[in-house]
Amino acid sequence: MTEKLIFELSSPGRNTRYVDDVDVPGKDIDISKLLPAGVIREDLDLPEVTERELVQHFTRLSRFNYSVDGGFYPLGSCTMKYNPKIDEDVGSLEGFTRIHPLQPEETVQGALRIMYELQGFLAEISGLSAVTLQPAAGAHGELSGMLVIRAYHRQRGDDDRRIVLVPDSAHGTNPATSAMCGLQVVNVRSNERGGVDVEALRSLVSEKVAALMLTIPNTLGLFDENILEVSSIVHQAGALVYCDGANMNAMLGQVKLGDLGCDAMHFNLHKTFGTPHGGGGPGSGPVAVRENLAPFLPVPVVARKSTGDGDTFFLDYDRPLSIGRVRSFYGNFGVMVRAYAYIRSLGPDGLRHVSENAVLNANYLMHLLKGTYELAYDRPCMHEFVLTGKHLKDEGVRTLDIAKRLIDYGFHPPTIYFPLIVEEAMMIEPTETETRQTLDAFARALLDISSEAVAEPQMIKEAPHTTPVGRLDEATAARHPILRWKRE
Ligand SMILES: *Cc1c(COP(=O)(O)O)cnc(C)c1O
């Protein structure tokens, strides 16, 4: 396949015509009569190539992208798993894609029913009682949940509760969303097993604390062994427990966060339930809350009334204590439909299998690697684990270099340098949808890279060697991307 850019292939007069000139009425319309003169250009420098070259060019470009359908994507915390195509098929049905959010309720009863039932499923999974589907992402769910908690304290005349306790193993969005609510973030340190340090927590709770925000499993991929004690300490101080449930694929059907003392939590439908995280598409971060927080949820909530001829679904705006809207319309409906299809197609047993496999895959991979790469915390993990690449420091090889070398082996790198509390961190999430063969191949690659790093450190430091571009200035590439080819 040609490696040349389309502009470089261009030569005057080159083209392909598969159809003759059209002879339909109107083909001779004078464009200059339809468009303002300023937008019509005579001297457009367009490449002249054959259709075959054009297709080759765009197909080649499209393959530069790594994808969840194309390969193993162990990007810790992001759950870049395979998403069953049936969910996409259901989400693409015209009855879902061709409705409008401003249509009268009686014409979209099916859509409202799906939302209503999805609220119910998420309540069941969380062990909590009410759900809003509005938030458009995980971080947006956190923001909504913290606003609800804030409103709850205010309503009780407890307006002085302005502190949010956030463990140092929390996801970065947790302190960020708390700060956005005007709350003050105070760090809680981890103990030597990677859980919340209970004594530190005890010394920090007070009548000024609004909530503890707990990422669970935390960013080390660990379940907090003391969670019952942790939530009871928080509750005894009159504060609430917010759980970041973005990584529910670790716990689906195994435990309900509500049973562990959680008062409010969010889900990432675009991680756990049938839609990939990232990739520029929409997300959905529903929030589930305990009964006492339900009145504060954003409006509208999808509700049901039973009439003589069955159930009717409607958008309930009559909620005087609501924090108001957090998003235009009703959230990202398409993602909700995929989540609904995912939950309905798997059923309770299937969901349980998801978490069993997520945890099994992560522990299997962790065991293959931990003899070579040191584990940050050596105990069974949940859906992901954190290694450190610091054993290669003497070679001058860093985790970044290992990640880049993985690309040569055909794998997407894991999340690196996060969580911040682990030096040279590599956060690996194999997800539940990978086969043992893929996990073995990935482990082989990481083990080989470790040997290569000793034998040929310079080669690793210059990786990747198989991609069109090598080491980019990632910050500049993201902030000032050069997206157009210009003739020199
Ligand atoms: C992904 C993630 C988030 C943020 O979700 P977004 O949809 O990207 O905003 C928050 N917390 C945890 C633990 C996550 O893994």
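The figures here come from the full heavy-atom set of this structure, side chains too, leaving out hydrogens, waters and symmetry mates. We count ligands from 1, going down the list as the structure has it; atoms in each ligand are counted the same way. Worth saying up front: this structure is predicted, and the values here are computed from it rather than measured.
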Every pair of nitrogen or oxygen atoms between ligand 1 and the protein that is under 3.5 angstrom apart - can you list them with their distances to 0.1 Å?
{"residue": "ligand 1", "atom": "5 (O)", "partner": "N268", "partner atom": "ND2", "Å": "3.1"}
{"residue": "ligand 1", "atom": "7 (O)", "partner": "G138", "partner atom": "N", "Å": "2.7"}
{"residue": "ligand 1", "atom": "7 (O)", "partner": "N268", "partner atom": "ND2", "Å": "3.2"}
{"residue": "ligand 1", "atom": "7 (O)", "partner": "H270", "partner atom": "NE2", "Å": "2.6"}
{"residue": "ligand 1", "atom": "8 (O)", "partner": "H277", "partner atom": "NE2", "Å": "2.8"}
{"residue": "ligand 1", "atom": "9 (O)", "partner": "G138", "partner atom": "N", "Å": "3.3"}
{"residue": "ligand 1", "atom": "9 (O)", "partner": "A139", "partner atom": "N", "Å": "2.8"}
{"residue": "ligand 1", "atom": "11 (N)", "partner": "H171", "partner atom": "ND1", "Å": "3.3"}
{"residue": "ligand 1", "atom": "11 (N)", "partner": "D244", "partner atom": "OD1", "Å": "3.2"}
{"residue": "ligand 1", "atom": "11 (N)", "partner": "D244", "partner atom": "OD2", "Å": "2.5"}
{"residue": "ligand 1", "atom": "15 (O)", "partner": "S77", "partner atom": "O", "Å": "3.1"}
{"residue": "ligand 1", "atom": "15 (O)", "partner": "S77", "partner atom": "OG", "Å": "2.8"}
{"residue": "ligand 1", "atom": "15 (O)", "partner": "N247", "partner atom": "ND2", "Å": "3.2"}
{"residue": "ligand 1", "atom": "15 (O)", "partner": "K271", "partner atom": "NZ", "Å": "2.6"}

* Asked: Does I323 reach the side chain of V326, with side-chain heavy atoms less than 4.5 Å apart?
  -> yes

* Pairing of E432 and K81 as salt bridge, 4.0 angstrom limit -> yes

* Asked: Ignoring hydrogens and geometry, is there a side-chain-to-backbone donor-acceptor pair from D197 to A200 under 3.5 Å?
  -> yes

* Walk me through it: do F411 and Y66 pass the test ring-ring contact (aromatic ring centres under 6.0 Å, His included)? => CA-CA 9 Å; F411 293 112; Y66 201 87; 8.4 Å; no

* **Shortest non-hydrogen separation from R325 to V299 and the atoms involved** => CG-O, 3.5 Å

* To do: For N247 and E429, test the side chains for any donor-to-acceptor distance below 3.5 angstrom and give the result as yes or no.
  => no

